[in-house]
Amino acid sequence: MIGVCSGRPVSITGLGCYVPKRVLTNDELAQRVDTSDEWIQTRTGIKERRIAAPEEATSDLSIPAAKAALADAALTGAEIDLVIVATITADMPFPSTAAILANQLGAESAAAYDLLAGCTGFVYALTQGYGAIAAGLARRVLVVGADTLSRVVDWSDRSTCVLFGDGAGAVVLEEVEAGGFHAFELGADGAGEMELFMPAGGSRRPSSAETVAAGEHYVKMNGREVYKFATRVLSSSAQAVLEASGRSIADIDLYVPHQANLRIIEHAAKKLGIEKERVFVNVDRYGNTSSASIPLALCEARQEGRLKDGTLVLMTGMGAGLTWGSSVITWSGGRDNEH
Ligand code: UT7
């Protein structure tokens with residue numbers, strides 16, 4: 001799916017994020033599984049990640065991120081029409097984490113649902129939020145990307161447990177005077193379903209003592225295939241959305257790719273022809289936070305003064321599905337873009 005945003009401009013007017021306090025270092029992981037700080041840093045660029053406290057579920061990570069985004073947009077929860085939470089680690093299979101969050105925020109007149117598109121979830125959810133506003137169905141949309149991957153990672157599997165971390169990021173979308181989203185490009189290739197998945201807990205393999213004993217409620221990943229997929233789609237999706245938006249990579253001020261692996265990011269940046277000064281990277285401190293990765297990166301980019309009114313941003317996500325998604329946005333409409 002590819003689309004150009006031709007109606008009234010819609011932008012991100014509020015931004016917030018939250019990460020749990022607990023830092024898990026590579027050296028600590030090396031005490032649990034046969035790995036090393038050197039291997040993890042060389043192969044992934046990750047130095048440490050955050051881990052949710054036992055009592056923290058995905059909605060608990062989402063609440064402070066969402067509150068910060070609402071405060072940034074100078075809005076209350078009651079003024080939100082739609083809450084979308086992109087996640088693969090909902091508090092529970094149902095009801096949605098979005099409904100739980102909306103209640104916590106006092107978003108009484110909001111519709112609320114979760115969106116599952118793996119690590120691409122945030123970009124998919126942005127597209128939905130944009131669409132609801134462009135169609136006149138909603139005036140203010142809260143989009144959250146939040147995941148607690150630490151709960152579904154097999155801590156005895158060194159090929160996956162070193163990669164992931166927990167976190168949440170949130171944005172408010174509203175109509176603005178100028179700037180905002182220019183185009184979206186999204187895709188899915190279900191033929192890759194088994195490359196990155198959780199085998200049990202759904203209608204195909206319901207939870208049972210056997211599925212638990214067989215470790216089928218953990219993330220399973222074919223790392224090499226996902227790596228190849230990621231390096232391919234990060235550049236192809238970015239090129240497609242740039243072309244649709246009438247921009248070139250030379251126009252982009254800030255490239256925010258999904259933070260899965262530094263090598264994947266560097267490969268994509270090289271293929272796209274964008275130098276590292278214009279690429280945002282924080283995978284070293286958080287690992288792969290799935291749906292939270294892009295909004296967390298946007299949050300930190302702004303804290304570092306790299307995201308201001310007028311900044312042209314390219315973001316691309318990719319992940320389970322297999323899915324991918326990109327958007328180009330002129331950052332605009334934020335009420336306080338320099339804190
Ligand atoms: O949002 C999307 C989510 N996923 C991704 O983006 C992941 C994409 N894939 C990757 O990032 C990489 O494939 C990995 C980081 C997962 C693996 O890196 P790699 O360079 O592709 O390593 P590999 O899978 O080819 O494994 C090389 C070796 C293997 O040993 P042998 O078979 O050569 O003896 C692995 O067993 O490294 C071994 N290995 C490890 N060694 C130390 C795998 N994980 C570890 C580890 N520590 N944590």
Side-chain angles (χ1 to χ4, degrees), residues 24-49 86-89 115-125 145-150 152-167 169 186-190 192-198 218-238 256-269 271 281-284 286-297 315-326:
L24 180 65
T25 64
N26 291 345
D27 284 333
E28 283 178 84
L29 275 170
Q31 289 165 16
R32 297 187 192 185
V33 287
D34 183 15
T35 190
S36 65
D37 177 46
E38 201 258 329
W39 191 96
I40 301 170
Q41 284 210 44
T42 314
R43 302 290 181 120
T44 71
I46 300 166
K47 294 179 179 155
E48 59 187 40
R49 70 286 293 142
T87 187
I88 57 170
T89 49
L115 187 154
L116 193 155
C119 303
T120 320
F122 180 74
V123 181
Y124 267 58
D147 267 306
T148 317
L149 267 295
S150 64
V152 293
V153 156
D154 179 352
W155 289 101
S156 66
D157 174 10
R158 69 176 183 175
S159 70
T160 52
C161 77
V162 302
L163 302 175
F164 299 104
D166 302 334
L186 307 178
D189 176 10
E193 67 172 307
M194 301 299 205
E195 308 298 4
L196 182 49
F197 71 124
M198 182 189 291
Y218 293 131
V219 173
K220 309 285 178 195
M221 184 176 71
N222 181 346
R224 284 183 200 181
E225 281 310 310
V226 177
Y227 190 98
K228 279 193 254 170
F229 159 78
T231 49
R232 190 174 73 247
V233 297
L234 277 188
S235 56
S236 62
S237 179
V256 183
H258 171 47
Q259 308 284 313
N261 180 325
L262 182 60
R263 279 160 61 215
I264 294 174
I265 295 172
E266 287 176 347
H267 189 283
K271 214 160 154 192
V281 174
N282 65 0
V283 70
D284 51 325
Y286 302 110
N288 181 348
T289 57
S290 191
S291 305
S293 139
I294 290 180
L296 192 54
M315 44 188 137
T316 300
M318 54 80 192
L322 299 166
T323 56
W324 63 89
S326 293

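Each ligand, and each atom within it, is numbered from 1 in the order the structure gives.
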J.: Distance-only, no hydrogens or angles: does the Thr89 side chain make a donor-acceptor pair with backbone N or O of Thr148 under 3.5 Å?
T.: yes
J.: What's the shortest distance from atom 6 (O) of ligand 1 to any protein heavy atom, and which residue and atom give it?
T.: Ala260 CB, 3.4 Å
J.: Under the 3.5 angstrom rule, does the side chain of Glu48 hit a backbone N or O of Thr25 as a donor-acceptor pair?
T.: no
J.: From Leu234 CG over to Phe229 CZ, what is the distance, rounded to the nearest 0.5 angstrom?
T.: 8.5 Å
J.: What do you reckon, does Ala230 put a non-hydrogen atom under 4.0 Å from ligand 1?
T.: no
J.: Give me the nearest non-hydrogen protein atom to atom 47 (N) of ligand 1 as residue plus atom name, then the distance to 0.1 Å.
T.: Thr35 OG1, 2.6 Å
J.: Please write down residue, atom name and distance for the protein heavy atom closest to atom 14 (C) of ligand 1.
T.: Asn261 ND2, 4.6 Å
J.: For atom NZ of Lys271, is the number of surrounding heavy atoms from other residues, nucleotides or ligands below 6.0 Å larger than 12?
T.: yes
J.: Under 4.0 Å from ligand 1, counting heavy atoms only, is it the side chain of Val162, its backbone, both or neither?
T.: side chain
J.: Could you pull out, from Ala320, Gly223, Gly319, the option with a heavy atom nearest to atom 9 (N) of ligand 1?
T.: Gly223
J.: For Asn288, which part has a heavy atom under 4.0 Å from ligand 1: side chain, backbone, both, or neither?
T.: side chain
J.: Just which atoms of ligand 1 are under 4.0 Å from any heavy atom in Cys119?
T.: 1 (O)
J.: Between the side chain of Thr316 and the main-chain N/O of Pro257, is any donor-acceptor distance below 3.5 Å?
T.: no
J.: What protein heavy atom is closest to atom 39 (N) of ligand 1, reported as residue, atom name and distance in Å?
T.: Trp39 CZ2, 3.4 Å
J.: Salt-bridged, Glu266 to Arg263, with N to O below 4.0 Å?
T.: no
J.: Can you check which of Leu29, Val283, Leu262, Val226 brings a heavy atom nearest to atom 5 (C) of ligand 1?
T.: Val226
J.: Is ligand 1 less than 4.0 angstrom away from at least one heavy atom of Ile264?
T.: yes
J.: Between Tyr227 and ligand 1, which residue portion shows a heavy-atom distance shorter than 4.0 Å: side chain, backbone, both, or neither?
T.: both
J.: Give, for atom NZ of Lys228 and atom CD of Glu195, the distance between the pair rounded to the nearest 0.5 Å.
T.: 9.0 Å
J.: Based purely on interatomic distance, does His258 place a nitrogen or oxygen under 3.5 Å from a nitrogen or oxygen of ligand 1?
T.: yes
J.: Donor-acceptor check, side chain of Arg49 to backbone of Val162, threshold 3.5 angstrom: yes or no?
T.: yes
J.: Side chains of Gln41 and Asp37 only: does a donor on one sit below 3.5 Å from an acceptor on the other?
T.: yes
J.: Nearest 0.5 angstrom please: Met318 CE to Ser237 OG, how far?
T.: 11.0 Å
J.: Could you identify the single nearest non-hydrogen protein atom to atom 4 (N) of ligand 1 and state the distance to 0.1 Å?
T.: Met221 SD, 3.3 Å
J.: For Asp147 and Ser291, test the side chains for any donor-to-acceptor distance below 3.5 angstrom and give the result as yes or no.
T.: yes
J.: Is a donor on one side and an acceptor on the other found under 3.5 Å between the side chain of Ser293 and the backbone of His258?
T.: no
J.: Is atom 33 (O) of ligand 1 less than 4.0 angstrom from some protein heavy atom?
T.: no
J.: Just which atoms of ligand 1 are under 4.0 Å from any heavy atom in Thr44?
T.: 15 (C)
J.: Out of Arg224, Gln259, Met318, Arg158, whose heavy atom sits nearest atom 24 (O) of ligand 1?
T.: Arg224
J.: Pick whichever of Glu225, Arg43, Glu38 has a heavy atom sitting closest to atom 22 (O) of ligand 1.
T.: Arg43
J.: Would you tell me whether Asp154 and Ser156 have side-chain atoms, one donor and one acceptor, within less than 3.5 Å of each other?
T.: yes
J.: For atom 29 (C) of ligand 1, decide whether some protein heavy-atom distance is shorter than 4.0 Å.
T.: no
J.: Between Leu163 and ligand 1, does any nitrogen or oxygen pair lie at a separation below 3.5 Å?
T.: no
J.: What part of Thr160 sits under 4.0 Å from ligand 1 if we count only heavy atoms: the side chain, the backbone, both or neither?
T.: neither
